[in-house]
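Nothing here was measured: the structure is a model prediction, and the numbers come from that model. Just so you know, residue 1 is the first one in the sequence shown, and it goes up from there.
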Amino acid sequence: MAISDLWYKNAIIYCLPVAKYMDADGDGIGDLDGLARRLDYLAGLGVTCLWLQPFYRSPERDDGYDVADYYAVNEKYGTPGRFVEFMNHARALGLRVIIDLVANHTSDQHPWFQQARRDRHAPTRDWYIWSDQRPPDHEKGIVFPGSQKTTWTYDEEAKQYYFHRFYDFQPDLNTLHPSVRDEITRVMGYWLELGVSGFRMDAVPFLIERKGAGVAHEQDFELLHEMRHFLQWRQGEAILLAEANVPPDESLKYFGDRGDRLQMMLNFPVNQRLFYAMATADLGPLTWALRETYKRPPEAQWVHFLRSHDELDLGRLSPEERQQVFDAFAPDASMQLYNRGIRRRLAAMLGNDRGRLELAFSLLFSLPGTPMMLYGDEIGMGDDLSLPERECARTPMQWTSEPHGGFTRSDRPIQRVIDDRTYGYKAVNVSDQRREHNSLLNWTERIIRMRKECPEISWGDFEVMATSASEILALRYDWRGASLVTLHNFAGRRAKVVFDLKGPGGDLLVDVFNTNGDSHGRGGRHEISLDPYAWRWFRVGSPDNALHRAAQ
Ligand code: NOJ
């Protein structure tokens with residue numbers, strides 16, 4: 001199949017909230033103009049695709065995931081005209097943009113809900129889910145335990161209860177309603193015309209659920225096919241990336257057996273087991289998740305990530321496994337969230353240890369799929385645990401050592417910039433790291449460059465290799481006659497790994513990052529020692545894959 005133009009397979013995705021990235025107009029709130037000024041930075045880092053978190057008109061009670069108008073840019077961030085200018089800059093630099101599509105629910109301030117709650121006969125009344133009585137299971141399926149008490153709330157105006165999977169100000173849309181489905185595709189069509197390359201779809205398992213008091217669990221996967229069909233008809237290159245934290249065996253339903261639903265899914269099964277592996281050096285669950293997520297249609301692609309703007313959700317680990325991750329990375333209750341996750345930033349979880357950070361990033365950029373980074377992780381930003389819930393890891397980007405980290409000229413930034421000794425903007429900022437040869441920022445730029453030159457990782461077949469060392473993850477990737485091997489030592493002690501490499505060139509492993517790291521084997525057998533938390537990427541048989549890559 002001639003599918004080598006699927007750009008998302010070898011993309012580098014970078015996720016950011018406009019409000020926290022760069023304030024150009026000096027009102028203390030990040031904006032589209034500010035972001036536009038940072039596009040050179042992002043292109044220079046090697047990012048190829050930005051994921052913009054919701055920037056729509058919104059009361060912002062859930063950081064914009066409570067949308068009041070899908071067609072409007074939040075006035076604080078800019079105007080539709082500024083959005084188009086920003087898109088034009090991005091395109092000039094070859095950067096693609098995907099945006100959040102929050103279609104499971106609206107804000108309670110959305111005119112659809114306002115109209116619906118006022119009048120039982122309003123055309124939009126059935127776009128939401130109502131009940132005269134509060135269903136007995138109203139405390140089940142709460143997404144934010146501790147902050148959310150119920151999934152059914154009484155509305156005085158509507159004189160009925162309405163269903164909300166998330167906070168009470170986010171009434172769920174009835175996505176089985178034909179008019180709601182029309183609206184969703186209309187919104188997609190609007191932003192596609194403005195040049196976006198696709199959507200990160202929020203809360204997909206809930207989006208496709210049949211909702212209502214007392215209804216049996218049922219999901220409508222056909223909606224995903226309809227959305228995909230519409231998307232591709234309007235814009236051949238656009239993609240849908242699902243947020244769906246589901247067990248691996250359900251993922252095929254989201255991709256579609258024939259790849260006719262969503263192209264990409266965030267790989268939650270690997271994400272939580274990766275942190276378990278980093279906490280314990282027990283690779284069993286991670287290996288399981290990699291193998292379980294192996295099978296997928298050719299066009300489908302997993303997106304790997306370390307941290308996102310939400311908590312690190314460990315909900316699918318066993319209680320013992322989860323406790324071990326808490327003990328290692330979030331021992332204090334204030335670092336944990338919703339009884340299932342960790343709300344800290346990556347650098348803080350790893351104790352700002354450069355070796356462990358590099359291990360984590362090397363994994364991110366070499367796990368089989370497409371990597372997604374959270375803004376600020378490239379410089380090792382920390383968190384502010386005095387802020388509530390997930391806000392602690394959503395602080396303004398730290399650009400310089402100037403006041404407010406160079407994020408704003410205003411004295412009243414939308415949120416405090418971190419200013420502690422270890423992670424504060426004077427210690428951690430882009431401009432200093434740009435000038436420091438061995439900074440995390442420059443290191444990240446180099447590994448991204450190498451990653452892009454290793455399409456075996458994103459396109460190829462992969463295998464978790466059997467080796468002699470239980471604490472070392474050994475992956476092999478093969479694509480069009482070129483092969484790559486990566487090794488990661490999860491343990492805090494030196495370890496030796498022995499493995500057999502089959503196939504042509506198997507006697508020579510060329511270390512792509514170090515001139516003196518090559519390994520010479522006999523009969524394909526290699527013995528390699530790795531320092532604590534060390535990692536290596538090797539090309540099989542030759543320093544370059546271009547000549548060895550079979551044309552197709
Ligand atoms: C998932 C988003 O990532 C999260 O930030 C948000 O709170 C919920 N969906 C509700 O939209």
Side-chain angles (χ1 to χ4, degrees), residues 54 56-70 74 100-177 179-181 183-184 187 201-220 223 243-245 309-311 313 315 337-341 343 388-391:
Y56 312 103
R57 180 174 299 152
S58 159
E60 292 172 283
R61 296 179 66 192
D62 181 14
D63 259 330
Y65 284 92
D66 46 334
V67 180
D69 184 348
Y70 292 100
N74 188 324
D100 250 293
L101 180 63
V102 193
N104 175 68
H105 47 269
T106 65
S107 158
D108 58 2
Q109 299 307 306
H110 195 293
W112 298 340
F113 188 72
Q114 290 295 324
Q115 185 193 57
R117 65 162 31 147
R118 269 197 302 271
D119 175 6
R120 257 175 208 248
H121 305 289
T124 59
R125 181 82 170 196
D126 295 345
W127 293 19
Y128 295 90
I129 316 289
W130 305 96
S131 174
D132 287 329
Q133 261 95 47
R134 188 176 234 178
D137 62 355
H138 73 98
E139 285 173 352
K140 279 216 184 104
I142 286 173
V143 178
F144 303 125
S147 311
Q148 182 193 353
K149 301 265 171 301
T150 176
T151 54
W152 288 89
T153 293
Y154 190 70
D155 187 68
E156 288 294 346
E157 231 181 313
K159 303 265 179 291
Q160 275 187 310
Y161 289 88
Y162 63 93
F163 175 68
H164 52 91
R165 172 61 67 191
F166 297 95
Y167 296 110
D168 59 2
F169 51 81
Q170 290 166 314
D172 269 46
L173 280 167
N174 174 7
T175 46
L176 294 191
H177 195 296
S179 305
V180 171
R181 287 163 106 102
E183 285 295 337
I184 294 174
V187 169
M201 286 171 57
D202 194 60
V204 180
F206 304 130
L207 174 81
I208 60 177
E209 208 168 43
R210 179 180 291 280
K211 306 164 189 181
V215 302
H217 176 74
E218 193 191 327
Q219 287 174 309
D220 177 25
L223 174 59
E243 184 218 10
N245 187 350
H309 65 297
D310 289 327
E311 81 285 5
D313 187 341
L337 195 59
Y338 307 140
N339 308 327
R340 61 166 182 251
R343 65 191 196 112
E389 292 183 61
R390 296 162 291 167
E391 290 304 310

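Scanning all heavy atoms of the two residues, the minimum distance from Ser147 to Tyr338 falls at OG-CE2, 3.9 Å. Nearest heavy-atom pair across Ala103 and Ile184 is CB-CD1, 3.8 Å. Smallest separation of non-hydrogen atoms from Pro54 and Val102: CG-CG2, 4.1 Å. Residues Ile142 and Glu139 approach most closely at CD1-O, 3.5 Å, considering heavy atoms. Between Asn104 and Arg165, the closest heavy-atom pair is ND2-CB, 4.3 Å. Across Ala122 and Ala116, no two heavy atoms sit closer than the pair CB-CA, 4.3 Å.
Remark: Tyr70 pairs with His110, Trp112 by the ring pair (Phe, Tyr, Trp, His ring centres under 6.0 Å) rule, at least two apart or across chains. Here Glu389 pairs with nothing under the salt bridge (Lys or Arg N to Asp or Glu O under 4.0 Å) rule; sequence neighbours left out. Partners of His217 by side chain to side chain contact (heavy atoms under 4.5 Å, CB included), not counting sequence neighbours, listed by chain and number: Glu209, Gln219. Taking Thr106 as the reference, Tyr128 meet the side-chain hydrogen bond (donor to acceptor under 3.5 Å, both in side chains) condition, with sequence neighbours excluded. Applying the salt bridge (Lys or Arg N to Asp or Glu O under 4.0 Å) test to Glu391 and every residue at least two apart in sequence or in another chain returns Lys20, Arg394. Contacts of Asp220 classified as salt bridge (Lys or Arg N to Asp or Glu O under 4.0 Å), with partners at least two apart in sequence or in another chain: Arg181. A search for side chain to side chain contact (heavy atoms under 4.5 Å, CB included) contacts involving Asn339 returns Pro145, not counting sequence neighbours. Every residue meeting the ring pair (Phe, Tyr, Trp, His ring centres under 6.0 Å) condition with Tyr167, not counting sequence neighbours, appears here in chain and number order: Phe144, Phe169. With sequence neighbours excluded, no residue satisfies side-chain hydrogen bond (donor to acceptor under 3.5 Å, both in side chains) with Asp108. Listed by chain and number, the residues in a salt bridge (Lys or Arg N to Asp or Glu O under 4.0 Å) with Arg125 amount to none (sequence neighbours excluded). Checked against side chain to side chain contact (heavy atoms under 4.5 Å, CB included), Pro59 has the following partners two or more places apart in sequence or in another chain: Arg61, Asp66, Ala68, Ser107, Gln109. Annotation: ring pair (Phe, Tyr, Trp, His ring centres under 6.0 Å) contacts of Tyr162 (sequence neighbours excluded): Phe113, His164.
Separation of atoms CD (Gln170) and CG (Asp202) is listed at 8.5 Å; rounding is to 0.5 Å. Separation of atoms CZ (Arg117) and CD (Gln160) is listed at 13.0 Å; rounding is to 0.5 Å. Taken from CG in Asp172 to CG in Leu207, the straight-line distance is 9.5 Å, to the nearest 0.5 Å. Put simply, CG on Asp126 and CG on Leu176 are 12.0 Å apart, with the number rounded to the nearest 0.5 Å.
A distance-only check finds no donor-acceptor pair linking the side chain of Arg134 to the backbone of Tyr161 [under 3.5 Å]. A donor-acceptor contact shorter than 3.5 Å is absent between the side chain of Gln133 and the backbone of Pro135. Checked by atom type and distance alone, the side chain of Glu311 never pairs as donor or acceptor with a backbone atom of Arg343 at under 3.5 Å. With Asp69 contributing its side chain and Arg57 its backbone, the two residues share no donor-acceptor pair below 3.5 Å. Within the 3.5 Å criterion, the main-chain N or O of Lys140 finds no donor-acceptor partner in the side chain of Asp137.
Of the residues listed (Asp63, Asp62, Asp313), the one engaging Arg390 in a salt bridge (Lys or Arg N to Asp or Glu O under 4.0 Å) is Asp62, and it is the only one.
The ring of Phe166 has its center no closer than 6.0 angstrom to the ring center of Tyr65.
Side-chain contact between Glu243 and Asp100 is absent, with no heavy atoms from C-beta onward closer than 4.5 Å. Contact check for His105 versus Leu173: no side-chain heavy atoms found under the 4.5 Å cut-off.
Counting non-hydrogen atoms of other residues, nucleotides and ligands closer than 6.0 Å to CD of Gln115 gives a total above 12.
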- Item | side-chain contact (heavy atoms from CB on, under 4.5 Å) evaluation trace for Trp130 with Lys159 | CA-CA 10 Å; Trp130 305 96; Lys159 303 265 179 291; over 6 Å; no
